[in-house]
Asker: 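One structure is given below, represented as structure tokens, and several questions about it will come after.
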Amino acid sequence: MSSTIMRRILVQTADFDTGAQLACLEARPGVGGIASFVGTVRGQTGGKTLTALTLEHYPGMTERALTGIAQQAEARWPLLGCIIIHRVGTLPPGARIVLAAAASAHRQAALEATGFLIDWLKTNAPFWKREDFTDHTTNWVEARAADHEAASRW
Amino acid sequence: MSSTIMRRILVQTADFDTGAQLACLEARPGVGGIASFVGTVRGQTGGKTLTALTLEHYPGMTERALTGIAQQAEARWPLLGCIIIHRVGTLPPGARIVLAAAASAHRQAALEATGFLIDWLKTNAPFWKREDFTDHTTNWVEARAADHEAASRW
Amino acid sequence: MKILYFAWLRERVGLAEEDVTLPAHITDIAGLITWQRDRGPGFAAAFAPGGQVRCAVDQEFAGHDTSIAGAREVAFFPPVTGG
Amino acid sequence: MKILYFAWLRERVGLAEEDVTLPAHITDIAGLITWQRDRGPGFAAAFAPGGQVRCAVDQEFAGHDTSIAGAREVAFFPPVTGG
């Protein structure tokens, strides 16, 4: 049945239209539930105000890593479709960074696969975030132990 | 901080715009993650083809029950917003039935609260589904033990 | 007291809602269900022993041992199946 | 062999990528890291012992004991922080 699975992996500077993306999953035959996660740029971190968040990635490897994560999700849950869109470049506070979404006949697979996609993406895809603050300092975001714990649940 | 929480509960015959709804959560100050679940009408159940799904509800009690579920989610997770939209009336295959969504500073709260909202909605809100099939039979959907197990996890 | 019926309970009793004055000895949901069974074949089928009847008292889910003293609205329905 | 650098590793070494010909005795990532430390202060800071350097060999995440024999592309970077 793998021919009926929709898989969309995009790494792009442009914004994405969450509703239009989810509508592609809703339209797949047999779908009964579509789960999604959208990550956005928070305006404050550690008590400091952000001017921008810059996302760097490893072209070529990024797409391979995201495809591998999607394949894992498809192997673990009976998915009818999944989407990973990750933006790169410099983004203002409030901007969308990432969309992870999964569709299945039933809700539990869609919800669990979405959690898996975003947890694994956080620890297994070559992206790096740099924060620029209003006080003109910059900071490369450090990996969080909690993210590794979240990914190791699956 | 409860004054900053957005809560939207809607029971309606009209369709909803998933992207526009999620954009309301994305726009809340402090939000870093928005999770959602959309349930749709499947065209086949138990090997039979559906012509329509009719959703009946208990006006007055429905809104109370959904508000109670949202309040539970807000008490359990540090949410900045949540949305429950549930359609009623007669819907064709492929139509959206329900949206549950939650926003928080971090992803885990948003994802978990969304799972909680939809699991509790399935077992604690007064909606009933009737299936109309192409062979002119109709069937009131029976409650699934798995739904009660899912709700009791939380 | 107002009684509401939903889904296949509504279809079996043939009513969406009604106003009833109950005998004084009926004080809880279990007693009300027993009383309903004698109101005709539709009611008997809807409230048959071993059925899956759920209820709400004044728009809150309620068990069969719940008092209906002072209740304005009781609703009967199958297990919910929304979402 | 092509070597790529990302995030603060790129900033410290002052290069995004380079082509290098390695001494024959360097056969794995650990050996390559030791060799990098002698290439100047930027490299020494980027590859300081106890740092958080991660790597990929031919676009697959790799441990420090991974062989680089035949590798076309090695990348060094901090722990990933996407999503």
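Below, read A as the first sequence line, B as the second, and so on, with proteins coming before strands; counting in each chain starts at 1. Everything quoted here is computed from the prediction, not taken from an experiment.
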Asker: Given 3.5 Å as the limit, does a donor-acceptor pair link the side chain of D/T81 with the main chain of A/A143, or not?
Answerer: no
Asker: Where does D/A56 contact chain A at under 4.5 Å (heavy atoms): side chain, backbone, both or neither?
Answerer: side chain
Asker: Please check if the side chain of D/W8 supplies one atom and the backbone of A/W140 the other of a donor-acceptor pair under 3.5 Å.
Answerer: no
Asker: Distance from A/T138 atom OG1 to D/E11 atom CD, nearest 0.5 Å?
Answerer: 6.5 Å
Asker: Give the ring-plane orientation class for A/W128 versus D/F77, where under 30° counts as parallel, over 60° as perpendicular and anything between as tilted.
Answerer: tilted
Asker: Got more than 12 heavy atoms from elsewhere within 6.0 Å of CD, A/Q71?
Answerer: yes
Asker: When you compare the side chain of A/Y58 with that of D/L4, does any pair of heavy atoms fall below 4.5 Å?
Answerer: yes
Asker: Which one, A/I97, A/N124, A/L55, leads in non-hydrogen pairs under 4.5 Å with chain D?
Answerer: A/N124
Asker: Do D/Q52 and A/E142 touch side chain to side chain, with heavy atoms closer than 4.5 Å?
Answerer: no
Asker: Any idea which of A/V141, A/D147, A/L121, A/T54 has the most non-hydrogen atom pairs under 4.5 angstrom with chain D?
Answerer: A/V141
Asker: Could you check whether atom CZ of A/R153 has more than 12 heavy atoms from other residues, nucleotides or ligands sitting under 6.0 Å from it?
Answerer: yes
Asker: Please answer whether the main-chain N or O of D/G83 pairs with a side-chain N or O of A/K129 as donor and acceptor at a distance below 3.5 Å.
Answerer: yes
Asker: For D/R54, is it the side chain, the backbone, both or neither that has a heavy atom under 4.5 Å from a heavy atom of chain A?
Answerer: neither
Asker: What's the verdict on side chain to side chain contact (heavy atoms under 4.5 Å, CB included) for D/E60 and A/R64, showing C-alpha distance, side-chain angles and the deciding distance?
Answerer: CA-CA 9 Å; D/E60 298 281 355; A/R64 284 167 70 126; 2.8 Å; yes
Asker: D/F61 and A/M61: side chain to side chain contact (heavy atoms under 4.5 Å, CB included), yes or no, with the steps?
Answerer: CA-CA 9 Å; D/F61 289 110; A/M61 179 173 168; 3.5 Å; yes
